[in-house]
Trainee: 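Can you keep this structure in mind? I'll have questions shortly.
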Amino acid sequence: MSEKQIEQIRKVVYAFASLSNINDKQACDNLINRLINMHINDVMDYLVVSLSDLVSRGVLKQEDVFSNVDLLIAISPETFSSTDDLMKRLNWLKSMNMEYPQMPLSENHKLVIDAFDKFNQIIGTNFDAYYTGGLMGYLATDHPLERYHGDLDLFLNEEQLESLYELIQQSDEFKFISNMDHKEENGHEFKIQYKGTPMSIGLFLFERKPDNEIVIKEYYHRDNNQDNELLVNEQHLAPKYAEMIFSNQVRQHNGISYKMQSLESIYNAKKNSRPQDRYDANLIKDSINLMIDYRLDTEKQKNYDVKRKNADLSIVAEIEKKCNYSDLKIK
């Protein structure tokens with residue numbers, strides 16, 4: 001951040017503090033110190049959201065902001081050249097539900113990429129595993145990250161769950177954690193947390209049959225009580241349908257190999273979902289085969305009948321016990 005930008009941030013904070021009848025100089029200085037240690041893009045996001053909040057609460061009038069908008073623009077004129085630019089950014093943050101992120105956006109982007117690369121260095125392509133989720137669309141199309149990413153999602157062949165557990169036990173940077181004490185029917189049975197940060201790799205489990213039929217599995221305890229029997233819901237995907245979802249293409253990121261679900265399957269899952277999911281889908285639409293997307297739509301209902309079974313003797317039950325025992329030892 002340049003000295004000019006630092007000085008402009010001071011002007012903005014003091015100007016809007018005065019308009020808001022805030023006379024606590026120490027509070028203003030603390031905010032200035034916080035802002036000048038952030039990436040400039042995060043500074044602008046913080047300021048436009050904070051000013052919007054002050055207007056909503058009646059602390060500031062809308063004309064107070066508009067009449068001083070040049071102060072804001074002067075912080076980052078290369079990115080924001082008008083009031084419309086600032087309003088577009090504010091509305092985009094609201095539409096993506098990113099007004100109050102757990103951490104600044106640039107910090108989140110660095111963290112998710114660090115976790116992704118470090119984890120891939122550990123597992124390589126030695127596992128029958130496929131990433132999924134919005135992040136993968138950005139990486140596969142070399143599109144700069146834009147929105148907040150809370151975690152990574154990985155489909156893993158459950159036959160390799162114990163091998164992954166043992167591998168992570170040897171890592172100083174990752175921790176294998178069970179969610180089975182509170183998991184409902186949907187969600188991750190296990191996650192692998194990175195360096196004690198909010199970033200983790202959440203696992204979805206599947207079974208691969210000899211003919212390459214894929215069985216998606218959802219494990220949970222009856223009545224959400226860990227003392228009750230363990231159940232599993234199974235969704236059977238026919239081999240040709242599964243082939244459209246689980247791609248064997250080996251990709252590279254920062255020189256490190258990984259595999260992911262097909263772009264078509266990610267697009268198909270997101271195109272009619274939440275606003276942020278639809279945004280992700282639109283980013284990759286030009287990179288997918290729309291015929292495969294159509295086939296995924298037409299075949300979907302034939303491949304998602306759910307069968308429920310008892311799973312007390314499953315590998316998931318064994319890993320759940322190991323995680324619980326490991327937690328007891330740490331305590």
Side-chain angles (χ1 to χ4, degrees), residues 88-89 91-98 109 112-113 116 120 125 127-157 186-188 201-209 211-218 233-254 256-306:
K88 285 178 183 177
R89 182 62 181 176
N91 290 333
W92 186 82
L93 291 169
K94 289 181 176 180
S95 71
M96 295 292 107
N97 196 27
M98 283 170 40
H109 291 169
V112 70
I113 292 301
F116 181 72
N120 289 335
T125 53
F127 287 82
D128 189 11
Y130 306 82
Y131 286 101
T132 189
L135 175 70
M136 306 319 301
Y138 289 84
L139 297 186
T141 59
D142 293 322
H143 193 290
L145 302 191
E146 294 186 19
R147 67 173 182 83
Y148 191 90
H149 296 276
D151 62 3
L152 293 157
D153 296 315
L154 183 76
F155 274 92
L156 175 74
N157 188 328
N186 299 313
H188 300 296
I201 298 95
L203 302 182
F204 292 119
L205 301 175
F206 69 87
E207 176 187 359
R208 185 184 294 277
K209 297 289 189 180
D211 63 352
N212 282 327
E213 175 188 353
I214 294 290
V215 183
I216 306 295
K217 306 233 180 151
E218 288 277 1
N233 292 345
E234 297 185 346
Q235 297 176 338
H236 291 253
L237 311 184
K240 288 186 178 180
Y241 184 77
E243 186 179 355
M244 290 189 287
I245 297 175
F246 293 89
S247 170
N248 283 319
Q249 179 182 356
V250 176
R251 298 175 180 269
Q252 297 275 324
H253 184 263
N254 289 335
I256 307 166
S257 298
Y258 70 95
K259 289 193 295 185
M260 59 177 273
Q261 287 193 319
S262 68
L263 274 177
E264 287 79 12
S265 66
I266 292 173
Y267 173 82
N268 188 267
K270 286 180 167 290
K271 64 181 181 180
N272 295 317
S273 190
R274 303 170 302 173
Q276 56 263 48
D277 292 321
R278 295 198 299 271
Y279 185 85
D280 291 345
N282 285 332
L283 286 178
I284 62 175
K285 186 174 182 178
D286 290 341
S287 300
I288 70 162
N289 185 330
L290 289 174
M291 182 55 68
I292 294 178
D293 172 60
Y294 173 76
R295 288 169 59 197
L296 286 169
D297 279 337
T298 55
E299 295 292 320
K300 188 174 296 184
Q301 295 303 318
K302 302 176 186 177
N303 286 275
Y304 276 85
D305 290 336
V306 176

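Residues take their numbers from the sequence shown, with the count starting at 1. All values reported here derive from a predicted model rather than from experimental measurement.
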Trainee: If you take all heavy atoms of H149 and H109, which pair is closest and at what distance?
Mentor: CD2-CD2, 4.3 Å

Trainee: How are the rings of F246 and F155 set to each other: parallel, tilted or perpendicular (split at 30° and 60°)?
Mentor: perpendicular

Trainee: When rounded to the nearest 0.5 angstrom, what distance separates CG in L290 from CG in D297?
Mentor: 10.5 Å

Trainee: Answer whether the closest heavy-atom distance between the side chains of V306 and E218 falls below 4.5 Å.
Mentor: no

Trainee: Look only at the side chain of D211 and the backbone of E213, and say whether a donor-acceptor pair between them is shorter than 3.5 Å.
Mentor: yes

Trainee: Indicate whether the side chain of Y138 and that of D280 have a donor and an acceptor atom separated by less than 3.5 Å.
Mentor: yes

Trainee: Can you name the closest pair of heavy atoms from S257 and V250 and give their distance?
Mentor: CB-CG1, 3.8 Å

Trainee: Roughly how far, to the nearest 0.5 Å, is CZ of F116 from OH of Y131?
Mentor: 5.0 Å

Trainee: Is a side-chain donor or acceptor of R208 paired with a backbone partner of I214 at a separation under 3.5 angstrom?
Mentor: no

Trainee: Test your reading of the model: is there a side-chain donor-acceptor pair from T132 to the backbone of D153, 3.5 Å cut-off?
Mentor: no

Trainee: Is there side-chain contact between M136 and Y130, with heavy atoms separated by less than 4.5 Å?
Mentor: no

Trainee: Is there side-chain contact between Y241 and R295, with heavy atoms separated by less than 4.5 Å?
Mentor: no

Trainee: What are the two closest non-hydrogen atoms of D277 and R147, and how far apart are they?
Mentor: OD1-NH2, 4.5 Å

Trainee: Would you compute the distance between atom OG1 of T141 and atom CG of L139 and round it to the nearest 0.5 angstrom?
Mentor: 8.0 Å

Trainee: Do you know the tightest heavy-atom contact between D151 and H188?
Mentor: OD2-NE2, 4.1 Å

Trainee: Might you confirm whether atom CG of N97 has over 12 heavy atoms from other residues, nucleotides or ligands at distances under 6.0 Å?
Mentor: no

Trainee: Within the distance-only criterion (no hydrogens, no angle test), does the side chain of S95 pair as donor or acceptor with the backbone N or O of W92 below 3.5 angstrom?
Mentor: yes

Trainee: What's the spacing between E207 CD and E234 CD if we round to 0.5 Å?
Mentor: 6.5 Å

Trainee: Ignoring hydrogens, what is the shortest heavy-atom contact between S265 and M244? Give both atom names and the distance.
Mentor: CB-O, 4.4 Å

Trainee: Checking side-chain contact (heavy atoms from CB on, under 4.5 Å) for the pair M260/I266: CA distance, chi angles, key distance, verdict?
Mentor: CA-CA 10 Å; M260 59 177 273; I266 292 173; 3.6 Å; yes

Trainee: Which distance, rounded to the nearest 0.5 Å, do you find between the CG of L156 and the CD1 of I201?
Mentor: 12.0 Å

Trainee: Is it true that a side-chain atom of N268 and a backbone atom of E264 form a donor plus acceptor pair closer than 3.5 Å?
Mentor: no

Trainee: Should the heavy atoms of other residues, nucleotides or ligands under 6.0 Å from CZ of R251 be counted, would the total exceed 12?
Mentor: yes

Trainee: Run V215 and F206 through side-chain contact (heavy atoms from CB on, under 4.5 Å) and show every step you take.
Mentor: CA-CA 5 Å; V215 183; F206 69 87; over 6 Å; no

Trainee: Using 0.5 Å steps for rounding, measure from the CD1 atom of I245 to the CD1 atom of I216.
Mentor: 7.0 Å

Trainee: Identify the heavy atoms of A140 and L263 that sit nearest to each other, and give their distance.
Mentor: CB-CD2, 4.1 Å

